[in-house]
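Below is the structure I would like to discuss, written out as structure tokens.
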Amino acid sequence: MDDVIQMVGVEKWYDKAHILKGVNLTVKRGEHLVLCGPSGSGKSTLIRCINYLEKTQGGKIMVNGVELGTHGKGAEKVRNDVGMVFQQFNLFPHLTVLENCMLAPRRVQKVKASEAKERAMRYLSRVKVADQAHKYPAQLSGGQQQRVAIARALCMDPKIMLFDEPTSALDPEMVKEVLDTMIGLADDGITMICVTHEMGFAKSVAHRVLFMDGGQIIESSPPKEFFSAPSHPRTQAFLAQILAH
Ligand code: ADP
Ligand code: MG
């Protein structure tokens, strides 16, 4: 397996707030990582830096062989390879499900309409919402909307998928359908980083679980070790808190 993401000494500041403090992370092709940690620890910022939704002020990020300079060079190429799914589904409300899925392949990749449609229907089927293709997002449940958001990201044929708390905004009964969709993707071998506190998901698909605190990754281990013998006291405290809920 080759390294598909490399972060070396990545520094991120918002004004005087130091958010990422020398983050080092290497992700192998096909690897599935779960990233957890307390609110405000920098999880969203970290994954947003990977497709240049955030600028960095130091260090180096390489994604699928392209270096992301601190001034955004390489960003466009990288974004073609990286799909992202957010907590709030971020679908365009004035476009149908099908149009949402066709938009980026048409605009960014200049794919023909017929091919964009074929791709959209293929991925909508894959996430089991093909029957909703002609509806508007507001006509769908939260779980369906999030599955559409996943299909939309897949329509760009990404090499890497980033998920930022994809089930946190969902009603409990819809969490499983979205997690099952993500488990299916993992089984297909795509590289993924998922910020989540769904520990069952972490146990079933993660090769490694990362724990972030105060802008640094302070633990990185296979789920078995992570849950049974976390090395850092802050990881232990965090797990105790999560498991108490
Ligand atoms: P997490 O996802 O782990 O909850 P974030 O990466 O969202 O953490 O945030 C890390 C820190 O950066 C927090 O203290 C947050 O307040 C701060 N932060 C996030 N986005 C911004 C922003 N656009 N401007 C200023 N501070 C921000
Ligand atoms: Mg976050």
Side-chain angles (χ1 to χ4, degrees), residues 5-25 27 32-61 63 68 70-72 75 78-79 82-91 142 145-146 149-150 153 160-172 174-175 178-179 182 191-202 205-206 208-221 223 226-227 230 232-245:
I5 301 172
Q6 267 186 304
M7 302 178 85
V8 182
V10 172
E11 301 283 339
K12 169 72 189 169
W13 297 75
Y14 287 118
D15 285 329
K16 294 196 173 74
H18 198 182
I19 308 298
L20 297 181
K21 300 176 183 167
V23 168
N24 297 308
L25 174 65
V27 184
H32 311 141
L33 302 188
V34 161
L35 176 60
C36 61
S39 179
S41 56
K43 306 180 296 298
S44 296
T45 306
L46 188 158
I47 64 166
R48 289 165 62 85
C49 287
I50 294 173
N51 63 349
Y52 210 72
L53 292 173
E54 301 291 346
K55 281 190 184 172
T56 51
Q57 282 79 41
K60 192 176 108 167
I61 304 179
V63 180
L68 266 180
T70 42
H71 299 291
V78 164
R79 284 193 198 136
V82 182
M84 183 141 180
V85 174
F86 303 88
Q87 178 176 341
Q88 304 297 343
F89 330 120
N90 292 357
L91 297 170
Q145 288 187 59
Q146 191 60 304
I150 293 170
I160 300 162
M161 284 286 283
L162 306 175
F163 294 88
D164 194 355
E165 303 208 32
T167 59
S168 300
L170 297 174
D171 291 334
M174 292 167 190
V175 169
V178 171
L179 290 177
M182 293 165 60
T191 307
M192 68 163 73
I193 303 180
C194 183
V195 177
T196 184
H197 292 155
E198 293 287 343
M199 293 303 156
F201 174 79
V205 311
R208 279 189 286 150
V209 185
L210 313 178
F211 178 72
M212 201 166 176
D213 198 19
Q216 289 176 317
I217 297 169
I218 63 170
E219 183 118 15
S220 164
S221 39
F226 184 87
F227 292 109
H232 203 290
R234 276 185 279 173
T235 318
Q236 293 165 11
F238 177 78
L239 282 174
Q241 202 186 358
I242 290 260
L243 296 173
H245 279 296

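Atoms within a ligand are numbered from 1 in the order they appear, just like the ligands themselves. Computed from a predicted model, the values in this text were never measured in an experiment. Along the sequence shown, the residues carry numbers beginning at 1.
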**Report entry** Whether Gln146 side chain and Pro166 backbone form a donor-acceptor pair below 3.5 Å
**Finding:** yes
Query raised in the report: Strictly under 4.0 Å, does any heavy atom of Ala17 approach an atom of ligand 1?
Result: no
Query - Nearest protein heavy atom with distance in Å, relative to atom 13 (C) of ligand 1 - result: Gly40 O, 3.9 Å
Query raised in the report: Is the Mg ion (ligand 2) less than 2.8 Å from at least one N/O/S atom of Ser44?
Result: yes
Query - Exam field: side chain Gln145 to backbone Leu91, donor-acceptor pair closer than 3.5 Å - result: no
Report task. Run through Thr45, Asn24, Leu20, Leu25 and flag the one making a side-chain contact (heavy atoms from CB on, under 4.5 Å) with Val10. Result -> Leu20
Query - Check: His197 ring centroid to Phe238 ring centroid under 6.0 Å - result: yes
Query raised in the report: Which atoms of ligand 1 have any heavy atom of Pro38 under 4.0 Å away?
Result: 3 (O)
Report summary line: shortest atom 3 (O) of ligand 1-to-protein heavy-atom contact is with Lys43 NZ, 2.7 Å
Query raised in the report: Which residue supplies the protein heavy atom nearest to atom 7 (O) of ligand 1, what is that atom called, and how far is it?
Result: Ser44 CB, 3.7 Å
Query raised in the report: Quick check: does Gly42 get an N/O under 3.5 Å from an N/O on ligand 1?
Result: yes
Query raised in the report: Closest non-hydrogen protein atom to atom 12 (O) of ligand 1, residue and atom name please, with distance?
Result: Ile19 CD1, 3.2 Å
Query - Backbone N/O of Val205 and side chain of His32: donor-acceptor pair under 3.5 Å - result: yes
Query raised in the report: With a 4.5 Å heavy-atom cut-off, do Cys36 and Met199 have their side chains touching?
Result: yes
**Report entry** Protein contact to atom 18 (N) of ligand 1 [nearest heavy atom, distance to 0.1 Å]
**Finding:** Tyr14 CE1, 3.3 Å
Query raised in the report: Under a heavy-atom criterion of less than 4.0 Å, does Gly37 contact ligand 1?
Result: no
Query raised in the report: Under 4.0 Å from atom 15 (C) of ligand 1, is there any protein heavy atom?
Result: no
Report task. Keeping the roles fixed (side chain from Glu11, backbone from Gly22), state whether a donor-acceptor pair exists under 3.5 Å. Result -> yes
Query raised in the report: Under 4.0 Å from atom 1 (P) of ligand 1, is there any protein heavy atom?
Result: yes
Query raised in the report: Counting distance only, does the side-chain N/O of Lys12 pair as donor-acceptor with the main-chain N or O of Lys55 below 3.5 Å?
Result: yes
Requested in this report: Hey, could you give me the OG1/CE distance between Thr167 and Met174, rounded to the nearest 0.5 Å?
Outcome: 13.0 Å
Report task. Examine the proximity of ligand 1 to Thr45 and report which part, side chain or backbone, both or neither, has a heavy atom under 4.0 Å away. Result -> both
